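As the structure is a computational prediction, the values presented were derived from the model and not from experiment.
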Amino acid sequence: MTKTILAVDDSGSLRQMLSFSLKAAGYGVIEAIDGEDGLNKAKQQTVDLVLTDQNMPGMDGLSLIRALRAMKNYQSVPILMLTTESGDDIKAMGRAAGANGWLVKPFDPARLTEVVKKLIG
């Protein structure tokens, strides 16, 4: 059965690149345009992994992670931050919110699929 990934980013071109890379590696992808859209889609269907940007209008990535971790069916789902921010303070806030890992944009598609495979096979 295909594993499904929720990709949350306000950049359409980045979502397209994520979708292309992940689908090429055999994953199903659900795209969301911001944190609120991502949360709504996560409520409709439990996914195997969440990739989220930090800086988005409305609900940011950290708020999305906190909201997902508060949901019973998302307490153990891997969540990766994919963002331009790489400071230790924001990474610490990400870990405290419940993120499992961090990838910095621009991302390397091979590295992305390698990390995803480690987390969900």
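Distance check: S86 OG to L103 CG gives 12.0 Å after rounding to the nearest 0.5 Å. Atom CD1 of I90 and atom CH2 of W102 lie 5.0 Å apart (nearest 0.5 Å). Remark: L18 CG to L112 CG distance equals 6.0 Å, nearest 0.5 Å. To the nearest 0.5 Å, the span separating CZ on R95 from CE on M81 amounts to 11.5 Å. Rounding to the nearest 0.5 Å places CG of L39 at 10.0 Å from CD of Q44. Note that CG of L22 is 11.0 Å distant from CE of M17, once rounded to the nearest 0.5 Å.
Not a single donor-acceptor pair under 3.5 Å links the side chain of S63 to the backbone N or O of M59. Not one N or O on the side chain of Y74 forms a donor-acceptor pair closer than 3.5 Å with the backbone of I65. Between the Q54 side chain and the L62 main chain, a donor and an acceptor come within less than 3.5 Å of each other.
Contact of the V8 side chain with the I33 side chain is not registered, since no non-hydrogen atoms from C-beta on lie closer than 4.5 Å. Using a 4.5 Å cut-off on side-chain heavy atoms (C-beta onward), V50 and P78 make no contact. Taking 4.5 Å as the limit, some side-chain heavy atom of I79 sits within range of a side-chain heavy atom of R69. Residues F20 and V29 form no side-chain contact, since every pair of their non-hydrogen atoms from C-beta on lies 4.5 Å or further apart. Taking 4.5 Å as the limit, some side-chain heavy atom of S19 sits within range of a side-chain heavy atom of E31. Between I5 and I120, some side-chain heavy-atom pair lies under the 4.5 Å cut-off. At least one side-chain heavy atom of V116 sits under 4.5 Å from a side-chain heavy atom of Y27. Using a 4.5 Å heavy-atom threshold, the side chains of L80 and T52 count as separate.
Pairing each heavy atom of K105 with each of L82, the nearest pair is CE-O, 3.2 Å. Summarising the geometry of S21 relative to P109, their closest heavy-atom pair is OG-CB, 3.5 Å, with the distance given to 0.1 Å. Summarising the geometry of L68 relative to A42, their closest heavy-atom pair is CD2-CB, 3.5 Å, with the distance given to 0.1 Å.
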ask   = Between V47 and I30, is a side-chain contact (heavy atoms from CB on, under 4.5 Å) present by the stated rule, with each step listed?
value = CA-CA 9 Å; V47 298; I30 297 170; 3.9 Å; yes
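Within 6.0 Å of CG on N40 lie more than 12 heavy atoms contributed by other residues, nucleotides or ligands.
Between R15 and D10, no side-chain nitrogen of the basic residue sits less than 4.0 Å from a carboxylate oxygen of the acidic one, so the salt-bridge criterion is not met. For the pair K117 and E114, the salt-bridge criterion is not met [side-chain N within less than 4.0 Å of a carboxylate O].
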